[in-house]
Peer 1: 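Take this structure first; my questions come after.
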Amino acid sequence: MPPDLHSLDLFERPAQQPIAPGAVLLHGLALAAAPQLLADIAQVTTAAPLRHLVTPGGFRMSVAMSNCGALGWVSDERGYRYSATDPLTGQPWPPMPASFRALAADAASQAGFGAFEPDACLVNRYEPGARLTLHQDRDERDKRQPIVSVSLGLPAIFLFGGPKRNDRPQRLPLVHGDVVVWGGPSRLAYHGVLPLADGEHPLTGPYRFNLTFRRAG
Ligand code: MD3
Ligand code: FE
């Protein structure tokens, strides 16, 4: 195969796919690092176990969550917020692994954002049937900072709406290794994830993991 002909070209899957102003999908950017990222997810979730948070309205979330970095996103009957400690263990969240920080910075830079030093990484684990209803990410202090999201394991259909909950969302398949950078006018867009389909992935078994990097504080 000639050196400039990669499998991405055969499937006519562009390396960078614009989704909306400020949002870009970097196909396969996390593929090479995936085994290391998954080993680091196992480390993080040993120290800060995955758990099903409860929404302020009293509903158990179907996605299991944990965090690493200086701040972690939590939800309970009192509301949504960032916390420097894990309410389950009372300890600080585990540090952000070097593999996580390097990928987040690389993605933000490729998407045209300046130095990105996230202080929060939310680890989401989806099992078949788990979903995320349409919502905005607005608990972060500086909304000019982008969000970087990394998909690992089973595929999902991501819903990307507009600035209003009513805006009809576009459906975007996200597969193992995909990285999306959401900034600028897309930063406050409504978004969600359809219920995960059954499946088995060679590296993650019956799960999808999503890493969401944010500058929260
Ligand atoms: C678009 N997670 O944790 S990541 C979340 O796949 C969350 O687990 C989803 O939404 C997941 O809050 C989606 C992609 C994502 C994250 C933040 C965004 C998309 C976004 C913020 C603004 C617009
Ligand atoms: Fe979100």
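Sequential numbering from 1 along the given sequence is applied to the chain's residues. Both counts, for ligands and for their atoms, begin at 1 and track the order of listing. Owing to the predicted nature of the structure, the values given are computational and were not obtained by experimental measurement.
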Peer 1: Return yes when atom CD of Glu117 has more than 12 non-hydrogen atoms of other residues, nucleotides or ligands closer than 6.0 Å, and no otherwise.
Peer 2: no
Peer 1: Tell me which one of Leu88, Thr45, Val63, Asn124 satisfies side-chain contact (heavy atoms from CB on, under 4.5 Å) with Leu50.
Peer 2: Thr45
Peer 1: Determine, step by step, whether Trp73 and Asp139 satisfy the side chain to side chain donor-acceptor pair (under 3.5 Å) criterion, reporting the C-alpha distance in whole Å, the side-chain angles of both residues, the deciding distance to 0.1 Å, and the verdict.
Peer 2: CA-CA 9 Å; Trp73 187 84; Asp139 301 322; 2.9 Å; yes
Peer 1: With respect to Leu159, which candidate in His191, Gln170, Arg171 satisfies the side-chain contact (heavy atoms from CB on, under 4.5 Å) definition?
Peer 2: Arg171
Peer 1: Regarding Ser99 and Asp40, is there a side-chain donor-to-acceptor distance under 3.5 Å anywhere?
Peer 2: yes
Peer 1: Of Phe213, Phe158, Tyr190, which meets ring-ring contact (aromatic ring centres under 6.0 Å, His included) against Trp182?
Peer 2: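 In the set Phe213, Phe158, Tyr190, the residue that makes a ring-ring contact (aromatic ring centres under 6.0 Å, His included) with Trp182 is Phe158.
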Peer 1: Just checking, is any N or O donor in the side chain of Asp137 or His135 under 3.5 Å from an acceptor N or O on the other one?
Peer 2: yes
Peer 1: Hey, is CZ on Arg141 packed in by over 12 heavy atoms from elsewhere, all under 6.0 Å?
Peer 2: no
Peer 1: So what's near the Fe ion (ligand 2), protein N, O or S atoms under 2.8 Å?
Peer 2: His135 NE2, Asp137 OD1, His191 NE2
Peer 1: Arg187 and side-chain contact (heavy atoms from CB on, under 4.5 Å): which single residue from Gln145, Glu140, Arg138 fits?
Peer 2: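 Exactly one option meets the side-chain contact (heavy atoms from CB on, under 4.5 Å) with Arg187, and it is Glu140.
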Peer 1: Tabulating one pair per line, provide the atom names and distances (0.1 Å) for every N/O atom of ligand 1 that is less than 3.5 Å from a protein N/O atom.
Peer 2:
| from | atom 1 | to | atom 2 | distance (Å) |
| --- | --- | --- | --- | --- |
| ligand 1 | 3 (O) | Asn124 | ND2 | 3.1 |
| ligand 1 | 3 (O) | Arg214 | NH2 | 3.4 |
| ligand 1 | 6 (O) | Arg208 | NH1 | 2.8 |
| ligand 1 | 6 (O) | Arg208 | NH2 | 3.2 |
| ligand 1 | 6 (O) | Asn210 | ND2 | 3.4 |
| ligand 1 | 8 (O) | Asn124 | ND2 | 3.0 |
| ligand 1 | 8 (O) | Tyr126 | OH | 2.6 |
| ligand 1 | 8 (O) | Asn210 | OD1 | 3.2 |
| ligand 1 | 10 (O) | His135 | NE2 | 3.2 |
| ligand 1 | 10 (O) | His191 | NE2 | 2.9 |
| ligand 1 | 12 (O) | His135 | NE2 | 3.2 |
| ligand 1 | 12 (O) | Asp137 | OD1 | 3.2 |
| ligand 1 | 12 (O) | Asp137 | OD2 | 3.3 |
| ligand 1 | 12 (O) | Arg214 | NH2 | 2.9 |

